[in-house]
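Since we're looking at a predicted model, the values are computed, not measured.
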Amino acid sequence: MTQYQIGIDIGGTFTDLVLYDKQEGSYRTEKILTTPKNLADGVLEGMQNLVDDLKDIDYFVHGTTAGLNAFLERKGSNVALIVTKGFRDVYEIGRANRPDMYSIKYRKPEPLVKRRNIFEIEERVLFDGSVETPINLKQLDEVIEKIIEKGFNSVSLSLLHAYKNPEHEEVIKNVMKKKAPQISVSLSHEIAREWREYERTSTTVINGYIAPIVESYLSSLEERTESAGLEGDLYIMQSNGGVMTSGVAKRMPIQTLLSGPVGGAVGSITLGNLTDYKNLICVDMGGTSFDVSLIIDGEPDVTSETSLEGFPILTPLVNIHTIGAGGGSIAWIEGGGLRVGPKSAGSDPGPACYGNGGTQATVTDANLVLGRLDEDGFLDGKMKLNRDAAYKAIKDIADRLNLGILETAEGICDIANAKMADAIRTLTVSKGIDPRDFALVAFGGAGPMHAVLIAELLGITKILVPTVAGTFSAWGMLQTDIRHDAVRTFVSALNSEDRRKMDVLYEEMELETKTILTQQRVKEENMILQRTLDLRYVGQEYTVNVPLQDTNESGSLIHIIDLFHEMHGKIYGHSNPDGMVEAVNIRITGYGKLEKEDKEQKHSISKAAEDITVRTKKHVTWNGVIKNTPVIKSELLKHGHCFYGPSIIENPSTTTVIPEGYRVEVDRLGNLEITREGK
């Protein structure tokens with residue numbers, strides 16, 4: 001009898017697993033070093049550490065970094081691009097805007113496809129979807145022969161106005177599959193069915209660039225888990241906050257780019273619902289990166305367009321800002337000054353204190369030297385840290401700077417904290433949002449260690465550390481549902497006639513969405529479909545996504561426009577109620593509700609602070625002063641416990657650092673609520 005649900009998040013340093021036992025109503029977690037040479041090795045090892053027989057698992061959800069790593073490291077596939085004749089340079093020209101306007105060192109990112117690997121096809125679809133020039137099939141055969149001859153293993157198609165009429169892209173795909181079935185094919189109308197040629201082409205190229213890598217990884221994972229006894233579908237976390245089956249993920253790998261970090265954002269929504277905190281800043285600090293996302297009024301900050309490494313991406317995703325700042329971030333010297341990151345020691349060799357051959361000082365080494373980490377209690381004692389190796393690595397930096405060991409270690413942590421606070425300001429202050437109006441949710445292996453110090457830099461007075469903070473992203477993946485997004489470009493002045501045309505397109509997209517959800521074994525009664533509109537003032541470039549609650553033909557257009565003015569004011573700080581408004585895109589978001597257990601765990605109540613068991617006391621450096629600091633095991637804390645910093649709280653998968661001036665309370669779910677005293 002199946003009794004387990006498992007969520008798995010692969011990070012650059014650690015692979016996190018969370019197992020939910022439906023019979024006992026309890027969680028078990030596992031954190032092991034990531035296996036970069038074959039990510040599936042770590043996944044299988046972690047699963048077998050938690051479960052004797054994989055047949056007992058009835059739900060498997062996984063956040064994969066296979067596509068993101070291939071993209072960031074420029075280790076993707078050998079991809080070719082097919083475009084309409086006369087538009088070969090669209091991808092390379094891009095846009096004329098400079099994101100960093102005043103940087104004299106600014107360089108456009110090197111295209112993922114070189115110009116010599118872009119092929120033109122004689123065909124033409126007009127803006128209204130009508131065919132002006134049919135496909136030149138003879139020329140198409142010649143292009144396919146060249147692609148086969150040059151050994152491409154992936155092809156991206158982005159034909160002019162294919163978002164309006166995808167017929168020609170479908171024809172080319174069918175011919176490609178007959179002549180070269182081994183080549184992965186990405187179609188722009190399937191990846192990003194909306195206008196703006198460059199952005200649509202860029203998105204399709206990225207999909208083609210990572211497709212063979214993701215397909216190969218997921219196929220290997222399917223085969224190995226099935227051989228080990230796992231039955232049923234593998235679900236993959238999407239960048240938009242939903243999940244999809246691995247079969248769909250292999251067709252739409254671009255949806256997996258941020259699948260790991262998004263798990264934490266989804267988990268934070270559930271945490272907010274359980275604790276009544278609706279505005280949250282979510283920070284996920286692992287060994288390699290620091291990810292920031294927002295929950296506003298109980299909903300994730302989802303965007304339909306973003307930029308990654310300078311390349312635009314047209315696909316719905318949770319707005320996550322990532323920087324290279326993690327426990328493994330390497331400290332180095334430039335121009336006589338101390339720097340930290342973005343380069344990371346990763347899992348191999350890892351920080352010096354891991355004892356795997358690493359010699360460079362990292363943030364983790366600094367925390368160990370400062371006494372914030374325990375060499376014997378790391379990962380609940382499963383992994384012993386080498387304090388001498390960490391000390392030597394920090395000393396090498398300190399001697400070159402002519403500073404003390406502890407002073408240098410605190411400097412490394414302070415620089416990392418400042419970088420992470422700036423990352424939070426990018427999503428808040430730079431957009432007119434005051435971070436002091438939010439609570440900070442800290443998770444990841446290193447998140448709770450730095451959270452309070454980061455919050456202090458931002459004036460945030462409330463910090464939440466979840467019960468399973470060290471593996472929180474994996475836990476969050478168990479809280480989500482299947483999701484599919486569909487979009488059509490439809491430029492409209494929002495009159496009654498256009499509204500009727502919109503409804504026809506909405507019905508077409510709803511049918512498409514239901515078909516895809518059905519393929520993922522979702523029953524129709526478990527489907528939820530939401531209609532939205534991308535609106536803008538006439539003459540503007542960017543849009544605001546507005547929910548369309550009234551689906552009747554006679555629905556109030558005035559209400560939609562009023563809602564747009566209101567949302568525009570909230571987002572940009574101003575609106576123009578007298579301005580003309582037009583629609584640009586219409587969207588459908590389809591959810592397939594998955595069966596979930598009541599996963600709320602209540603903890604026994606204890607009102608006495610005196611009965612808190614202190615494991616030990618150790619010397620910890622706080623702002624240059626060494627203090628004898630209590631170390632507390634998290635599993636011995638109960639609902640109602642209250643105590644003050646300075647203190648260290650050890651969890652099997654993370655460590656929480658509480659400076660002086662902060663109060664810690666344990667809530668009914670076992671989460672730590674940390675509050676600045678006097679606030």
Charged N-O contact under 4.0 Å between K278 and D297: no

Would you call D422 and R425 a salt bridge, taking side-chain N to carboxylate O under 4.0 Å as the test? yes

Should [X] and [Y] count as side-chain neighbours, where that means a heavy-atom distance under 4.5 Å?
X: T471; Y: D9; result: no
X: L317; Y: L257; result: no
X: L221; Y: H62; result: yes

Steps toward side chain to side chain donor-acceptor pair (under 3.5 Å) verdict (T629, W622): CA-CA 10 Å; T629 303; W622 304 93; 3.1 Å; yes

Using distance alone, with no hydrogens and no angle criterion, decide if E665 and T675 have a side-chain donor and acceptor under 3.5 Å apart. no

Any side-chain donor near an acceptor of the partner, Q3 and D21, under 3.5 Å: yes

Partners of [X] by side chain to side chain donor-acceptor pair (under 3.5 Å), sequence neighbours excluded?
X: Y235; result: none
X: N417; result: H450
X: T589; result: D485

Short side-chain to backbone donor-acceptor contact, [X] and [Y], under 3.5 Å:
X: S634; Y: I649; answer: no
X: N671; Y: T467; answer: yes
X: K627; Y: P646; answer: no
X: D365; Y: C353; answer: yes

With a cut-off of 3.5 Å and sequence neighbours excluded, list every side-chain donor-acceptor pair involving residues 436-449.
{"from": "R436", "atom 1": "NE", "to": "D434", "atom 2": "OD1", "distance (Å)": "3.1"}
{"from": "R436", "atom 1": "NE", "to": "D434", "atom 2": "OD2", "distance (Å)": "3.3"}
{"from": "R436", "atom 1": "NH2", "to": "D434", "atom 2": "OD2", "distance (Å)": "3.0"}

Cut-off 3.5 Å, no hydrogens considered: what does the side-chain donor-acceptor table look like for residues 258-269, sequence neighbours left out?
{"from": "S259", "atom 1": "OG", "to": "T64", "atom 2": "N", "distance (Å)": "2.9"}
{"from": "S259", "atom 1": "OG", "to": "T64", "atom 2": "O", "distance (Å)": "2.9"}
{"from": "S259", "atom 1": "OG", "to": "T256", "atom 2": "O", "distance (Å)": "3.2"}
{"from": "S268", "atom 1": "OG", "to": "G264", "atom 2": "O", "distance (Å)": "2.9"}

Kindly determine whether S473 and D284 satisfy side chain to side chain donor-acceptor pair (under 3.5 Å), including the steps that lead there. CA-CA 8 Å; S473 288; D284 180 1; 3.2 Å; yes

Across all chains, not counting sequence neighbours, the ring-ring contact (aromatic ring centres under 6.0 Å, His included) partners of Y354 are none

